[in-house]
Protein chains: 2
Amino acid sequence: MKPRPLSYQEENYLKAVLKISEGRGKKDAGILELSRALGVKPPTAHQMLKKLKEKKLVLFEKYGKVMLSAGGRKAAMALVRKHRIWETFLHDVLKFSWDEVHELAEYLEHIPSDEIINRLEKLLGNPKFDPHGDPIPDVGGNVRPAFRKTLSMGTPGRNYHLVAVSDSHQSLLQFMSKYNLKINDKIKYVSELGLDGMGVIRVRNKNITVGSTFMHEVKVVCEQCMKKCKCPDEVWCVV
Amino acid sequence: MKPRPLSYQEENYLKAVLKISEGRGKKDAGILELSRALGVKPPTAHQMLKKLKEKKLVLFEKYGKVMLSAGGRKAAMALVRKHRIWETFLHDVLKFSWDEVHELAEYLEHIPSDEIINRLEKLLGNPKFDPHGDPIPDVGGNVRPAFRKTLSMGTPGRNYHLVAVSDSHQSLLQFMSKYNLKINDKIKYVSELGLDGMGVIRVRNKNITVGSTFMHEVKVVCEQCMKKCKCPDEVWCVV
DNA sequence: ATTAAATGTTAGATAAACCTAACATTACAA
DNA sequence: TTGTAATGTTAGGTTTATCTAACATTTAAT
């Protein structure tokens with residue numbers, strides 16, 4: 001077996017930097033936050049990031065923030081592409097539920113083959129979004145922007161399409177499974193409750209009361225904004 | 001992510017012991033042979049096998065041979081099952097060629113999920129053999145015996161089904177790809193050449209001269225033996 | 001402006017899986 | 001049966017990715 005160009009762990013660190021710097025929140029990545037995202041202690045993350053700097057995959061100065069280099073970003077986007085195509089395969093073909101696919105894809109994304117991914121993509125009919133509604137980068141690492149916002153940023157009374165949810169938020173995914181809520185469901189944002197950030201939505205003629213996490217983590221697209229191809233409070237992110 | 005029950009490498013060592021002790025040749029596994037099979041130096045293999053002995057996965061006494069315990073064999077058979085189901089998926093669904101699937105399956109077999117494997121098996125229609133003609137163990141780790149012999153053990157003039165070829169023999173796999181030879185092809189063993197163990201086979205009305213490696217590595221089943229459900233020179237193995 | 005809290009860095013230790021060099025045992029062939 | 005070749009074992013070192021403990025810098029609050 002050929003040696004991997006990047007180790008399993010190096011790949012995870014690059015993905016974590018991408019997730020923080022271009023994901024929901026989009027902030028500069030610091031060592032502490034990275035170490036938390038990766039489940040390691042700060043000195044561990046620090047050491048690895050020095051190594052990735054040597055390899056010119058990240059930009060990182062003493063006491064400064066961490067950013068991906070062009071090469072590092074390319075590698076990280078390739079991982080995101082692999083992750084999301086595997087998730088789509090597991091969901092669409094092997095019928096794994098929405099909340100099971102993420103963990104398995106965490107392993108599968110490291111399989112060192114671009115060809116498997118390209119063939120899976122074709123098999124799946126060149127999907128543009130994974131089962132969580134996140135856009136799938138193309139072979140060049142480009143993602144189409146997606147017009148979307150959190151439900152909490154929506155306007156009560158309007159209709160939305162449920163398009164995305166953080167795929168690593170286990171309890172939320174289970175909540176949605178329980179109420180049979182799926183990507184692409186049409187929902188109506190009925191009302192804000194004004195208490196603990198809760199709200200009420202209507203799906204298939206049934207009202208569901210949802211909590212703050214749901215309001216802030218679930219991403220929706222308002223059909224009006226889609227049509228106008230502009231959305232004042234658009235929030236989109238890659239990871 | 002949960003910790004793996006066995007590390008990536010521990011799995012490979014168990015598989016290597018199985019391959020030597022129950023594969024073609026079926027000999028007792030020694031440290032030197034294991035180290036060669038795994039591409040490591042003898043002390044490395046020795047150390048790992050002491051660890052696997054601690055974990056009760058192998059039986060191994062000083063200066064003695066290595067054998068799998070019941071638990072070790074179960075784990076190794078599970079790996080063989082995963083490997084062969086992934087190979088079948090890659091070949092049947094993603095249309096990878098016969099000689100490409102082995103290397104990719106070497107990675108995929110370590111994905112820690114039995115459920116993916118069970119669903120793939122169903123998707124593929126519960127195949128009994130992988131693209132190389134090797135039998136796929138069931139969930140319990142049982143393999144059906146296969147009546148087969150090497151072509152060199154066959155009788156010139158008879159018709160055979162090409163059922164198996166060592167999936168790690170790259171140059172042989174490429175030779176077969178080149179002549180468009182596939183598992184399940186009907187071939188006639190035309191004659192022995194009596195020189196360097198060479199022979200002639202006939203496939204789709206074309207004669208092909210094959211060398212010693214082909215004669216000794218390619219497995220065939222003689223239809224007569226299959227029908228009688230017994231074969232005097234049956235050679236079957238698991239890995 | 002000062003200080004406390006948050007964050008980042010360094011140094012040194014550990015475990016896994018590999019190595020080389022040296023030594024021990026077994027197997028077999030003369 | 002004895003000596004050499006093949007195989008196995010031990011000891012000690014390397015690399016990767018982790019840790020803890022101690023120290024340094026930056027940020028933010030009074």
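In what follows, every heavy atom counts, from backbone to side chain, and hydrogens, waters and symmetry copies are set aside. Proteins get letters first, then strands, A, B, ... in listed order; numbering begins at 1 in each.
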Contact list (N/O, under 3.5 angstrom) for nucleotides 14-17 of chain C vs protein:
{"from": "C:dA17", "atom 1": "OP1", "to": "B:Ser7", "atom 2": "OG", "distance (Å)": "2.7"}
{"from": "C:dA17", "atom 1": "OP2", "to": "B:Lys51", "atom 2": "NZ", "distance (Å)": "2.0"}

For nucleotides 5-8 of chain D, tabulate all protein N/O to nucleotide N/O atom pairs closer than 3.5 Å, reporting atom names and distance.
{"from": "D:dG8", "atom 1": "OP1", "to": "B:Ile31", "atom 2": "N", "distance (Å)": "3.2"}
{"from": "D:dG8", "atom 1": "OP2", "to": "B:Ile31", "atom 2": "N", "distance (Å)": "3.3"}
{"from": "D:dG8", "atom 1": "OP2", "to": "B:Leu32", "atom 2": "N", "distance (Å)": "2.5"}

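With rounding to whole Å, A:Lys41 atom NZ is found 16 Å from C:dA13 atom C1'. We find that NZ of A:Lys55 is positioned 12 Å from C1' of D:dT15, with the value rounded to whole Å.
Evaluated for a salt bridge (charged side-chain N to carboxylate O under 4.0 Å, His left out) with A:Glu109, the options A:Lys15, A:Arg84, A:Lys82 yield exactly one hit, A:Lys15.
A donor-acceptor contact closer than 3.5 angstrom links the side chains of B:His110 and B:Asn12.
The nearest pair of heavy atoms linking B:Ala45 to B:Tyr13 is CA-CE2, 3.7 Å. Across all non-hydrogen atoms, the minimal contact from A:Thr150 to A:Ser152 is OG1-OG, 2.9 Å. Listed here is the closest heavy atom pair of B:Asp134 and B:Val165: OD2-O, 4.3 Å.
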side-chain contact (heavy atoms from CB on, under 4.5 Å) between A:Trp86 and A:Ile116, intermediate numbers included = CA-CA 10 Å; A:Trp86 275 116; A:Ile116 291 183; 3.7 Å; yes
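Using a 30° and 60° split on the angle between ring planes, A:Phe89 and B:Phe89 fall in the tilted class, from 30° to 60°.
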Do any side-chain atoms of residues 59-72 of chain B form donor-acceptor pairs under 3.5 angstrom with protein atoms, and if so which ones, sequence neighbours left out?
{"from": "B:Ser69", "atom 1": "OG", "to": "B:Lys56", "atom 2": "O", "distance (Å)": "2.8"}
{"from": "B:Ser69", "atom 1": "OG", "to": "B:Leu57", "atom 2": "O", "distance (Å)": "3.1"}
{"from": "B:Ser69", "atom 1": "OG", "to": "B:Gly71", "atom 2": "N", "distance (Å)": "3.3"}
{"from": "B:Ser69", "atom 1": "OG", "to": "B:Gly72", "atom 2": "N", "distance (Å)": "3.0"}

